[in-house]
Trainee: 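Below you will find the structure I want to go over with you.
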Amino acid sequence: MTTVRIAAERLADTTLPTAHGTFRLTAYRDSDGHEHVALSLGLADGAGDGPGAAPAAPLVRLHSECLTGDALGSRRCDCGEQLHQALAAVAAAGRGAVLYLRGHEGRGIGLVEKMRAYALQDGGLDTVDANLALGHPADARTYAAAAAILDDLGVGAVRLLSSNPAKEAALRELGIEVVARERLTVAARPENVRYLTTKRERMGHDGPPVDDWEALLSGVVPAAGDLADRYGALVAHAGPLVLAQLGQSLDGFIASRTGDARFVTGEEDREHLHRLRALVDAVVVGGATAARDDCRLTVRDVPGPHPTRVVLDPGGRLPRETALLTDGVAPTIWVVGPQVTCGEDEPGAGLAPHVELVRWPGSWAMDPAAVLDLLADRGLERVLVEGGGRLVSAFVAAGVVDRLFLTTAPVLVGDGVPGLRVEGRDSMAEALRPTARRWLAGEDVVTELVLRP
């Protein structure tokens, strides 16, 4: 791999709706004649993320063109699955880019030569020796065009989404700061297991996840185990997914009558909640809950990415000093009513860069289905509705929740802030009886209710 600087000229800008969200699509041609595209979210031209800007560094994937994997669904490699995982990860982060780099077919040897290498692999050679036997380097790719595109997008520091340390080294030599490299792995298949093993053993790529939770975060469901049993179906689910979670006392309260909610359930349930956060694109809370608890809605008890935080606050009453509006740890969407204006002393003026203010489009209530549409338009399709009790109850009543996780603690509050409430029924025969399963979280009991099969 060489690290000679070249130029990349921006030629076109448009938008591209995808299964993972709507991206800005920018076309480039480099000085070698190759055409590339950048699919980006949340990157403003000229904003810049210079060296040292680790908290602001966007998530970036350098994806090498692979016709057979990306377009034809080949299982000889992992390229197509990596592309979709990368797009989903950038959409979930709300800020970043996938650079689709042309001229990288077959690690830089071209489509026809890659097919000849495939034929040699059919005869017993591995992917490295096949390239060498044809007179090519094991890896002929360069990343100068990628660095030039990042420069044009105003990105000087990245969180690199890659299992290939050589990409990190190349970007560093080209003057792009890599503040972190996040592994991107997909499940091995019988058709590509030798290929993936060769990349690890001969080309220095990262190995597979080392534990069940890491496997789940990478989209791989372990064959067995408690984590696979509890979260495997969520990971394997394709398409939009709406979860809801509440922790409440045996007599149905999420807080005391003074509003004290620390803590109804125990540490094991909080770990479970953080796992749910790590598996979704966005977590939704009501404005009153966010103001009362000064919650952070991040993933702290387990490894995993922070979701986008969404506050439904019709009156715009969330205090400016709350963590959600000041910490900059994760993107935050603050949804306020149409009557909330943007005067100098009102919401919208002087907000931190990580906060997006959204005005509810109309005088009607924040309907749960419309909220989900608003998030889907931003590429946030896997959603966790976390509280408070009235908000979770409203989403359940609207019929938009796929699975409800209701944790009950062995405590009696007597009076306080109600937890889950559903519409009353005249007879027990009419009561909701969804499919359910339970497990222990320390002294608490987690009940998972499948509300929509």
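Hydrogens, waters and symmetry mates play no part in the numbers below; they use all other heavy atoms, side chains included. By convention here, the first residue in the shown sequence is residue 1. What you see is a predicted model; the values in this text were computed from it and never measured.
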Trainee: So, are R275 and D301 salt-bridged, with charged N and O less than 4.0 Å apart?
Mentor: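 No, no charged N to carboxylate O under 4.0 Å.
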Trainee: Do P165 and R181 make a side-chain contact, defined as non-hydrogen atoms from C-beta onward lying under 4.5 Å apart?
Mentor: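 A side-chain contact under 4.5 Å exists here.
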Trainee: Drop me the distance from K199's NZ to S163's OG, to the nearest 0.5 angstrom.
Mentor: 7.5 Å
Trainee: Answer whether the closest heavy-atom distance between the side chains of L297 and R277 falls below 4.5 Å.
Mentor: yes
Trainee: Is it the case that Q82 and R61 place a side-chain donor and acceptor less than 3.5 Å from each other?
Mentor: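 Looking only at side-chain atoms, R61 and Q82 do form a donor-acceptor pair, the distance falling under 3.5 Å.
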Trainee: Nearest 0.5 angstrom please: L374 CG to L380 CG, how far?
Mentor: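 If we round to the nearest 0.5 Å, L374:CG and L380:CG are 9.0 Å apart.
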Trainee: Atom CG of L375 and atom CD1 of I333: how far apart are they, to the nearest 0.5 Å?
Mentor: 5.5 Å
Trainee: Starting at CG of L87, measure out to CG of L83 and round the result to the nearest 0.5 Å.
Mentor: 5.0 Å
Trainee: From D78 CG over to H205 NE2, what is the distance, rounded to the nearest 0.5 angstrom?
Mentor: 9.0 Å
Trainee: Is it true that, when you exclude R390 itself, more than 12 heavy atoms of the residues, nucleotides or ligands shown sit nearer than 6.0 Å to its CZ?
Mentor: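 No - once you tally the heavy atoms of other residues, nucleotides and ligands closer than 6.0 Å, there are 12 at most.
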Trainee: Can you see which heavy atom on V178 is nearest to which on E168, and at what distance?
Mentor: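 In terms of heavy atoms, the two residues are closest at CG1-CG, 3.8 Å.
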Trainee: Check whether D313 reaches the backbone of G287 with its side chain - one donor and one acceptor, N or O, closer than 3.5 Å.
Mentor: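 Flag not set: sc D313 to bb G287 has no pair under 3.5 Å.
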Trainee: Grab the two heavy atoms, one from P305 and one from L217, that are nearest each other, plus how far apart they are.
Mentor: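 So the two residues come closest at CD-CD2, 4.1 Å.
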Trainee: Taking V158's backbone N and O only, do any of them form a donor-acceptor pair with E177's side chain (distance below 3.5 Å, no angle check)?
Mentor: no
Trainee: Tell me whether R452 at atom CZ has more than 12 heavy atoms from other residues, nucleotides or ligands lying less than 6.0 Å away.
Mentor: yes
Trainee: I need the minimum non-hydrogen distance between A290 and V311, along with the two atoms involved.
Mentor: CB-CG1, 4.1 Å
Trainee: Does the pair D402 and V450 meet the rule for a side-chain contact (heavy atoms from CB on, under 4.5 Å), with working shown?
Mentor: CA-CA 6 Å; D402 296 301; V450 181; over 6 Å; no
Trainee: Restricting to non-hydrogen atoms, name the atom on L324 and the atom on V355 that form the minimum distance, rounded to 0.1 Å.
Mentor: O-CG2, 4.1 Å
Trainee: Could you tell me whether the side chain of R95 reaches within less than 4.5 Å of the side chain of L43, counting heavy atoms only?
Mentor: yes
Trainee: Determine all donor-acceptor pairs shorter than 3.5 Å in which one atom belongs to a side chain in residues 403-416; sequence neighbours excluded.
Mentor:
residue : atom : partner : partner atom : Å
R403    : NH1  : E448    : OE2          : 2.5
T407    : OG1  : D269    : OD1          : 2.7

Trainee: Are a donor atom and an acceptor atom from the side chains of K114 and T68 found within less than 3.5 Å of each other?
Mentor: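 On atom types as modelled, these side chains qualify, holding a pair under 3.5 Å.
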Trainee: With a 3.5 Å cut-off and sequence neighbours excluded, list the donor-acceptor pairs that the side chains of residues 222-249 form with protein atoms.
Mentor:
residue : atom : partner : partner atom : Å
D229    : OD1  : R437    : NH1          : 3.3
D229    : OD2  : R437    : NH1          : 3.2
Y231    : OH   : H272    : ND1          : 2.7
H237    : NE2  : P240    : O            : 2.9
Q248    : OE1  : L420    : N            : 3.0
S249    : OG   : D251    : OD1          : 2.5
S249    : OG   : G252    : N            : 3.3
S249    : OG   : F253    : N            : 3.0
S249    : OG   : F253    : O            : 3.4

Trainee: Taking it one step at a time, do V392 and E386 satisfy side-chain contact (heavy atoms from CB on, under 4.5 Å)?
Mentor: CA-CA 7 Å; V392 170; E386 191 171 314; over 6 Å; no
Trainee: Under 3.5 Å, side chain of Q85 to main-chain N/O of E81, donor-acceptor pair present?
Mentor: no
Trainee: Among pairs that include at least one residue of residues 286-300, which meet salt bridge (charged side-chain N to carboxylate O under 4.0 Å, His left out), considering only residues two or more places apart or in two chains?
Mentor: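 Residue pairs passing salt bridge (charged side-chain N to carboxylate O under 4.0 Å, His left out), neighbours aside: none found.
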Trainee: How about V310 and V283: do any of their side-chain heavy atoms sit closer than 4.5 Å?
Mentor: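 No, every pair of side-chain atoms sits at 4.5 Å or beyond.
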Trainee: Under 4.5 Å between any side-chain heavy atoms of H84 and H20, yes or no?
Mentor: yes
Trainee: Applying side chain to side chain donor-acceptor pair (under 3.5 Å), can you list everything that pairs with R194, at least two apart in sequence or on another chain?
Mentor: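 For R194 there are no side chain to side chain donor-acceptor pair (under 3.5 Å) partners, ignoring immediate neighbours.
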Trainee: Do D327 and R309 sit within salt-bridge range, that is, some charged N less than 4.0 Å from a carboxylate O?
Mentor: yes
Trainee: Report yes or no: is the cationic atom of R76 (NZ for Lys, CZ for Arg) under 6.0 Å from the centre of the six-membered ring of Y195, at an angle within 45° of the ring normal?
Mentor: no
Trainee: Does T289 reach the main-chain N or O of V285 with its side chain, forming a donor-acceptor pair under 3.5 Å?
Mentor: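 It does not hold such a pair.
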Trainee: Which heavy atom of K167 sits nearest to which heavy atom of L62, and what is that distance?
Mentor: NZ-O, 2.6 Å
Trainee: Any donor and acceptor pair, going by atom type alone, linking the side chain of D70 with main-chain N or O of C66 inside 3.5 Å?
Mentor: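 Yes; at least one donor-acceptor contact below 3.5 Å.
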Trainee: Evaluate T308 against D281 for side-chain contact (heavy atoms from CB on, under 4.5 Å), listing each step before the verdict.
Mentor: CA-CA 6 Å; T308 294; D281 305 326; over 6 Å; no
Trainee: Rounded to the nearest 0.5 Å, what separates atom CG in D206 from atom OG in S218?
Mentor: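 OG of S218 is found 11.5 Å from CG of D206.
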Trainee: Check whether any side-chain heavy atom of L351 sits under 4.5 Å from a side-chain heavy atom of W334, and report yes or no.
Mentor: yes
Trainee: Keeping the roles fixed (side chain from S40, backbone from A97), state whether a donor-acceptor pair exists under 3.5 Å.
Mentor: no
Trainee: Judged by atom type as modelled, is there a donor-acceptor pair below 3.5 Å linking the side chain of E201 to the main-chain atoms of T198?
Mentor: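 No; judged by distance alone, with no hydrogens or angles, the pair does not exist.
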Trainee: Side chains of H274 and T298: closer than 4.5 Å at any heavy-atom pair?
Mentor: no
Trainee: Compare every heavy atom of A91 with every heavy atom of F23, then report the nearest pair and how far apart it is.
Mentor: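 Closest heavy-atom pair between F23 and A91: CZ-CB, 4.2 Å.
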Trainee: Between R24 and L39, does a side-chain contact (heavy atoms from CB on, under 4.5 Å) hold up when you go through it step by step?
Mentor: CA-CA 6 Å; R24 176 187 181 186; L39 295 93; over 6 Å; no
Trainee: Keeping R320 on the side-chain end and L325 on the backbone end, is there a donor-acceptor pair under 3.5 Å?
Mentor: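 Between the backbone of L325 and the side chain of R320 there is no qualifying donor-acceptor contact (under 3.5 Å).
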Trainee: Kindly indicate whether the side chain of L160, heavy atoms from C-beta on, has any atom under 4.5 Å from the side chain of V179.
Mentor: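 When only atoms from C-beta onward are counted, V179 and L160 do not touch, as no gap falls below 4.5 Å.
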Trainee: Would T127 and R107 count as a side-chain hydrogen bond (donor to acceptor under 3.5 Å, both in side chains) if you check the C-alpha gap in whole Å, the side-chain angles of each, and the deciding distance to 0.1 Å?
Mentor: CA-CA 10 Å; T127 181; R107 296 195 302 279; 3.0 Å; yes
Trainee: Do S64 and R141 have a side chain donor and acceptor closer than 3.5 Å?
Mentor: yes
Trainee: Is the count of non-hydrogen atoms from other residues, nucleotides or ligands lying under 6.0 Å from E191 atom CD greater than 12?
Mentor: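 Check passes, neighbour count above 12.
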Trainee: Among residues at least two apart in sequence or on other chains, which ones pass ring-ring contact (aromatic ring centres under 6.0 Å, His included) with Y100?
Mentor: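 With sequence neighbours excluded, Y100 shows a ring-ring contact (aromatic ring centres under 6.0 Å, His included) to H63, given in chain and number order.
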Trainee: Is the number of heavy atoms from other residues, nucleotides or ligands under 6.0 Å of E267 CD greater than 12?
Mentor: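 Open: at most 12 neighbouring heavy atoms sit under 6.0 Å from CD of E267.
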Trainee: Provide the full list of salt bridge (charged side-chain N to carboxylate O under 4.0 Å, His left out) pairs with a residue in residues 366-383, sequence neighbours left out, each pair given once.
Mentor: E356-R378
